There are 2 protein chains.
Amino acid sequence: MEYEEKIPSCDCVSEHRDIVEKVRKEMSDDEIIYDMAELFKVFGDSTRVKILDALFVSEMCVCDLASVLEMKQSAVSHQLRILKQARLIKFRKEGKAVYYSMADEHVRKIFDQAINHLEE
Amino acid sequence: MEYEEKIPSCDCVSEHRDIVEKVRKEMSDDEIIYDMAELFKVFGDSTRVKILDALFVSEMCVCDLASVLEMKQSAVSHQLRILKQARLIKFRKEGKAVYYSMADEHVRKIFDQAINHLEE
DNA sequence: CATTCATATGAATATATATTCATATGTTCA
DNA sequence: TGAACATATGAATATATATTCATATGAATG
């Protein structure tokens, strides 16, 4: 015999069962939501936004990026690793130097939409 | 008499002065970069992404959202406040209940671009 | 092949923040 | 007006993460 399932986390009485069911069905999969949040987390740091913004202008080596951002080389390198893992930037090696640049046009588009929202 | 300014944070010798200067000039203002990072920080949490994703389907009261997300009412409420402050959601009051919904179409567009990147 | 230079990385620290609990606020209705 | 309900919020805790320091890796060069 089945009990009417009581969702433990909502103590409200006037829950709208139909709406809740509909939304549960139509929502994106948890994995997509998780991946999106992870991607936005990468954008959610001003150092990384600044790096991307700088790379829009020109490819650069780590040293130059550190100079532009006025930050320690190691701090920049740590952040570059995160951007690289998110496939937002790419790199090429030339002797001792490593030159980083934007991976594709998606970031530009995402940034533009963000600016649209901020300017509104 | 001016000294050649030594940027303290970059200890590299082979800095490319011209590139660094160019990038410094063409980069976005710090304030814009900061604001963008703050906005993305709001998107950078799976609970908040899930709330927005749910509100794409339908407006809902806090109670229903808590039910959909299987989270405590207070946790949802705290996150709603952050989304509200970022002007990503709006609300209307109806008796005791508060119904939340999407503020505009920007979020949809930003999410779509993010998905584009993830699917690539 | 030893040195120098550019970058990467591990550990430690400091800071930010998501959730929970307890409770406050505000609304409805008897 | 008092009881019940829906939401908001402050404080505390736990967790995540950005930066720094120290050092490792790896390439060029004399």
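Keep in mind it's a predicted model, so treat the numbers as computed, not measured. A note on names: the letters A, B, ... follow the listed sequences, proteins ahead of strands, and every chain is numbered from 1.
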| Within the structure shown, what part of the strands sits under 4.0 Å from A97(A) by heavy-atom distance: base, sugar-phosphate, or nothing? | sugar-phosphate
| Electrostatic pair K50(A)-D30(B), nearest N-O below 4.0 angstrom | yes
| task | Using a strict cut-off of less than 4.0 Å between a Lys/Arg side-chain nitrogen and an Asp/Glu carboxylate oxygen, indicate whether E105(A) and K109(A) qualify as a salt bridge. | result | no
| said: Distance check needed: dA16(D) P versus K41(B) NZ, whole Å only. | reply: 17 Å
| field | Pair F56(A) and F111(A), ring centroids less than 6.0 Å apart | value | yes
| field | d(CG, L69(B); C1', dT7(D)) in whole Å | value | 15 Å
| request: Examine the base of dA8(D) for any acceptor or donor lying under 3.5 Å from a partner atom in the side chain of Q73(B), and report the outcome as yes or no. | output: yes
| query | Is R81(A) near enough to dT7(C) that one of its side-chain N or O atoms lies under 4.0 angstrom from OP1 or OP2? | reply | no
| message | In whole Å, I'd like the distance from the CG atom of D64(A) to the P atom of dC5(C). | response | 16 Å
| task | Using a heavy-atom cut-off of under 4.0 Å over every strand shown, decide if K93(A) touches base, sugar-phosphate, or nothing. | result | nothing
| dT19(C), dT7(C), dA18(D): which one has an atom nearest the side-chain heavy atoms of R48(A)? | dA18(D)
| said: If the cut-off is 4.0 Å, is S74(B) near the phosphate of dC21(C), judged by side-chain N/O to OP1 or OP2? | reply: no
| task | For I82(B), report the nucleic acid contact type (base, sugar-phosphate, nothing); a contact means any heavy atom under 4.0 Å. | result | sugar-phosphate
| Is any side-chain N or O of H78(A) under 3.5 Å from a base N or O of dT20(D), one able to act as donor and the other as acceptor? | yes
| said: Nearest to the T47(A) side chain among dT7(D), dT20(C), dT19(D), which nucleotide is it? | reply: dT19(D)
| query | Please give, in whole Å, the distance from dT9(D) C1' to K84(B) NZ? | reply | 11 Å
| query | What is the distance from NZ of K72(B) to C1' of dA22(C), rounded to the nearest Å? | reply | 12 Å
| message | Rounded to whole Å, how long is the line connecting atom CZ of F40(A) with atom C1' of dA18(C)? | response | 19 Å
| task | Mind calculating the distance between CZ (F91(A)) and P (dA8(C)) to the nearest angstrom? | result | 8 Å
| field | Charged N-O contact under 4.0 Å between R87(B) and E120(A) | value | no
| query | Quick one: which of dT7(D), dA18(C), dT19(D) gets closest to the side chain of M71(A)? | reply | dT19(D)
| Is any side-chain N or O of Y100(A) closer than 4.0 Å to OP1 or OP2 of dA8(C)? | yes
| task | Write down the distance between CD (E94(B)) and P (dC29(C)), rounded to a whole number of angstrom. | result | 11 Å
| Earlier contact from the 5' end, DNA chain D, for Q79(A) and K96(A) | Q79(A)
| message | Run the ring-ring contact (aromatic ring centres under 6.0 Å, His included) test against Y100(A) and tell me which residues pass, sequence neighbours left out. | response | F91(A)
